[in-house]
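Only one structure is covered here, and it is reproduced in the block below.
Throughout, protein chains are lettered first and strands after them, A, B, ... in sequence-line order, and every chain is numbered starting at 1.
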There are 2 protein chains.
Amino acid sequence: MEQDVISAPASGQKGRPREFCVDQALAEALHVFWAKGYDGASMTDLTEAMGITKPSLYAAFGNKEALFHKALDLYEQEKLEYGRAALEQPTARKVAEYYLHGAIDVHGGTSDPKGCMGLISSLACSPEAESIKADVVRRRASSQRLLVERFERAKAEGDIPAHVDAEGLTSVLYALLQGITVQAGAGATRAELERLVDTSMTLWPSP
Amino acid sequence: MEQDVISAPASGQKGRPREFCVDQALAEALHVFWAKGYDGASMTDLTEAMGITKPSLYAAFGNKEALFHKALDLYEQEKLEYGRAALEQPTARKVAEYYLHGAIDVHGGTSDPKGCMGLISSLACSPEAESIKADVVRRRASSQRLLVERFERAKAEGDIPAHVDAEGLTSVLYALLQGITVQAGAGATRAELERLVDTSMTLWPSP
DNA sequence: CCTGTTCCATAACGGTCGGTATATAATAAG
DNA sequence: CTTATTATATACCGACCGTTATGGAACAGG
């Protein structure tokens with residue numbers, strides 16, 4: 001019943017071959033969800049952007065919600081990779097710098113929609129979007145936990161003062177990140193966002 | 001043609017008197033918009049919460065968009081008053097403290113919906129909500145400007161170091177504010193939000 | 001060829017959206 | 001009383017929502 005979404009190899013297909021690339025269609029869907037949010041993206045918006053008809057979409061992805069979760073997977077893999085890379089920076093300060101500048105690149109750039117796809121889709125509150133919101137919150141919590149551990153390691157390494165609260169610092173960094181995506185979505189220029197980040201880094205605790 | 005929405009005095013009304021209190025109905029509408037956002041709040045949601053029928057709503061408020069703008073006015077007057085009060089604090093540090101703690105009280109409380117009504121309604125991007133978003137962005141910019149001026153005064157008074165960028169600091173404070181409302185809407189506890197604010201204040205520049 | 005399977009295209013489903021037409025009820029003025 | 005004016009209640013509008021049934025087109029194996 002459940003069909004493999006990742007482009008199947010040419011062998012073993014019995015019926016009529018599909019006329020579109022699933023990965024590319026998913027990338028287009030991601031773009032629509034990113035720009036309009038889960039509720040704001042209609043099936044018509046999606047199918048037109050993906051270049052396929054509604055039955056094709058349902059056959060390949062299940063339904064709108066399943067399509068969103070797959071788009072969110074792709075979003076995290078491709079666009080939120082800077083979050084994983086940030087953790088590997090040598091110092092806590094560089095972790096934060098990498099994080100915030102990465103946010104500007106991804107959420108304040110010109111090639112992709114402004115703002116954060118997860119944030120946009122999780123603040124809209126239609127009852128059917130509750131599972132969407134729960135998914136986003138869950139993913140956010142897990143990546144936030146990694147950041148707490150990273151800052152606790154930094155404290156052990158004397159990288160940030162011992163009196164600093166690692167969880168609190170993580171919440172602060174996340175709040176700044178969220179603020180960046182909000183302001184980017186509201187039309188802030190790249191210069192304004194960099195000013196925000198630069199000022200943030202002047203406040204960052206010194207070891 | 002345009003009717004005065006503020007409860008008119010008993011004199012001069014010619015027809016059948018209305019059977020509901022306009023102010024109270026507006027307060028109920030505010031609650032719905034706050035919880036669900038502009039797009040997420042349906043006319044049925046609104047009329048049921050307000051206890052009136054759709055024709056009554058249209059007669060009294062015009063349409064959904066006009067109702068939202070009036071609800072947003074009420075929201076700013078009643079719920080965002082802490083933003084104006086913060087500006088009058090004696091030092092920049094106290095301004096920030098007042099601002100952030102006020103945000104926790106209003107956006108992370110239990111009596112009202114979690115999160116920020118403006119943020120929730122301005123991130124949803126249906127084409128019809130563009131003017132909603134523009135209104136929210138405009139109001140935000142104007143209150144942000146007041147904060148920049150306040151911090152520039154603080155610099156002149158030696159309240160924060162001269163090398164600090166007042167505009168950047170304002171963007172940082174606003175990002176923290178937005179992050180607080182986002183995390184409150186995502187289910188953060190009051191203790192977590194206070195931890196965020198406390199840690200933020202340990203980073204605040206000393207004079 | 002035929003059969004089976006899978007995909008595409010059209011059209012339609014019931015439901016909800018924001019917004020109204022219509023008719024009736026309640027008041028003030030004459 | 002009648003008349004004018006305004007509010008209410010019901011029912012409805014066209015448009016769009018997410019989803020699916022239907023019928024034909026394109027392939028593989030026999």
Side-chain angles (χ1 to χ4, degrees), chain A residues 1-5 7-22 25 29 32-33 36-69 71 121 124-132, chain B residues 1-5 7-22 25 29 32-33 36-69 71 121 124-132:
Chain A
M1 195 58 62
E2 180 69 17
Q3 157 150 354
D4 190 5
V5 171
S7 62
S11 70
Q13 55 184 3
K14 280 182 294 189
R16 173 177 174 176
R18 68 161 44 102
E19 298 176 357
F20 64 94
C21 170
V22 175
V32 174
F33 278 130
K36 304 196 168 194
Y38 178 74
D39 286 315
S42 74
M43 294 302 293
T44 304
D45 293 332
L46 291 164
T47 52
E48 282 181 355
M50 299 164 84
I52 64 178
T53 61
K54 286 197 255 185
S56 296
L57 188 155
Y58 277 83
F61 299 100
N63 59 10
K64 186 184 179 182
E65 180 174 341
L67 175 62
F68 179 85
H69 289 296
S121 297
C125 290
S126 80
E128 67 222 4
E130 273 303 314
S131 86
I132 302 295
Chain B
M1 194 58 61
E2 180 69 18
Q3 158 148 354
D4 191 6
V5 170
S7 61
S11 70
Q13 56 184 0
K14 281 182 293 187
R16 173 176 175 175
R18 66 162 44 102
E19 297 176 358
F20 64 95
C21 170
V22 176
V32 175
F33 279 130
K36 304 194 168 195
Y38 178 75
D39 286 316
S42 72
M43 294 301 293
T44 303
D45 292 332
L46 291 164
T47 52
E48 283 181 355
M50 298 165 84
I52 62 177
T53 60
K54 283 197 265 184
S56 296
L57 189 153
Y58 277 82
F61 300 99
N63 60 10
K64 186 184 179 183
E65 180 175 341
L67 175 62
F68 180 85
H69 289 297
S121 297
C125 291
S126 79
E128 67 221 4
E130 273 304 314
S131 86
I132 302 295

A:Val32 and A:Ala41: which non-hydrogen atoms are nearest, and at how many Å? CG1-CB, 3.7 Å
Nearest-0.5 Å distance, CD of residue B:Glu48 to NZ of residue B:Lys54: 10.5 Å
Is the phosphate of C:dC8 approached by A:Ser56 (side-chain N or O, under 4.0 Å from OP1 or OP2)? yes
In whole Å, what is the span from the CD atom of A:Glu48 to the C1' atom of C:dA9? 15 Å
In whole angstrom, give the distance that lies between atom NZ of B:Lys36 and atom P of C:dG18. 11 Å
At a heavy-atom distance below 4.0 Å, what parts of residues 39-46 of chain A sit against DNA chain C? none
Residues at least two apart in sequence or cross-chain that pass side chain to side chain contact (heavy atoms under 4.5 Å, CB included) with B:Ala29, listed by chain then number, are B:Leu46, B:Met50, B:Leu67
Atom CE of A:Met50 and atom P of C:dC8 are separated, to the nearest Å, by 11 Å
Salt bridge (Lys or Arg N to Asp or Glu O under 4.0 Å) involving B:Lys36 - partner list, sequence neighbours excluded: B:Asp45
Give the rounded distance in Å between these two atoms: CZ of B:Phe61 and C1' of D:dA7. 14 Å
For nucleotides 20-30 of chain D, read 5' to 3', which letter fits each nucleotide if B means a protein heavy atom sits under 4.0 Å from the base, S means only the sugar-phosphate is that close, and - means neither? BB--BBBBS--
By salt bridge (Lys or Arg N to Asp or Glu O under 4.0 Å) - contacts of B:Glu65 (at least two apart): none
Taking atom CG of B:Asp39 and atom CD of B:Glu128, what is their separation to the nearest 0.5 Å? 5.5 Å
Return the value, rounded to whole Å, for the distance between atom CZ of A:Phe20 and atom P of C:dA9. 10 Å
Holding to side-chain hydrogen bond (donor to acceptor under 3.5 Å, both in side chains), I want the full list of residues that pass it with B:Thr47, two or more places apart in sequence or in another chain. none
Please figure out whether B:Tyr38 or A:Ile52 has its closest DNA chain C nucleotide nearer the 5' end. A:Ile52
Enter the distance from B:Ser121:OG to B:Phe68:CZ here, rounded to the nearest 0.5 Å. 3.5 Å
Report the nucleotide, chosen from D:dA7, D:dA9, D:dG18, that has the shortest atom-to-atom distance to any side-chain atom of A:Lys64. D:dG18
Hey, can you tell me if A:Tyr38 and A:Phe33 have their rings parallel, tilted or perpendicular (30° and 60° cut-offs)? parallel
